[in-house]
Amino acid sequence: MTVRSDLLKAVASAEAAKGTYLMAAQSTEDSSAQSEYEQMASDIDMHIEYLNSRIEYLASSTGYKG
């Protein structure tokens, strides 16, 4: 496995976790829990952005775009 494929897997996992948090936020009637789930989804966005920036860096430094 390459670093790029590991990063792509991490992005996919983070996107799945974000979806789970957002579904949990919609499923609960507890406003405090809903807020926490939404915050966790927002936090995951920052992780995804970072991971994607690493993928872009690898592409620019190696010329690999696939």
Side-chain angles (χ1 to χ4, degrees):
M1 222 178 265
T2 66
V3 172
R4 183 177 182 282
S5 64
D6 289 342
L7 290 170
L8 290 171
K9 278 183 158 181
V11 168
S13 294
E15 290 282 2
K18 178 182 174 182
T20 300
Y21 293 143
L22 291 173
M23 284 192 321
Q26 291 177 347
S27 298
T28 188
E29 293 181 20
D30 181 336
S31 62
S32 177
Q34 183 178 24
S35 179
E36 285 297 320
Y37 288 132
E38 289 170 348
Q39 181 59 53
M40 290 164 47
S42 179
D43 292 345
I44 287 282
D45 277 333
M46 290 185 290
H47 298 206
I48 293 167
E49 285 179 31
Y50 175 77
L51 293 167
N52 281 324
S53 75
R54 296 305 301 162
I55 292 168
E56 290 174 17
Y57 170 78
L58 286 174
S60 68
S61 67
T62 64
Y64 182 76
K65 304 288 183 201

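All of these numbers come straight from a predicted model, not from anything done at the bench.
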Salt bridge (charged side-chain N to carboxylate O under 4.0 Å, His left out) involving D45 - partner list, sequence neighbours excluded: K18
S27 (side chain) donor-acceptor with M23 (main chain) under 3.5 angstrom: yes
Value rounded to 0.5 Å, distance of CG in L58 from CG in L7: 6.0 Å
Side-chain donor or acceptor of S60 paired with backbone N/O of Y57 under 3.5 Å: yes
Side-chain donor-acceptor pairs of residues 35-44 under 3.5 Å, sequence neighbours excluded:
unit_1, atom_1, unit_2, atom_2, d
Q39, NE2, D43, OD1, 2.8

Report all side-chain donor-acceptor pairs from residues 47-54 shorter than 3.5 Å, counting only partners two or more places apart or in another chain.
unit_1, atom_1, unit_2, atom_2, d
N52, ND2, I48, O, 3.3
S53, OG, Y50, O, 2.6

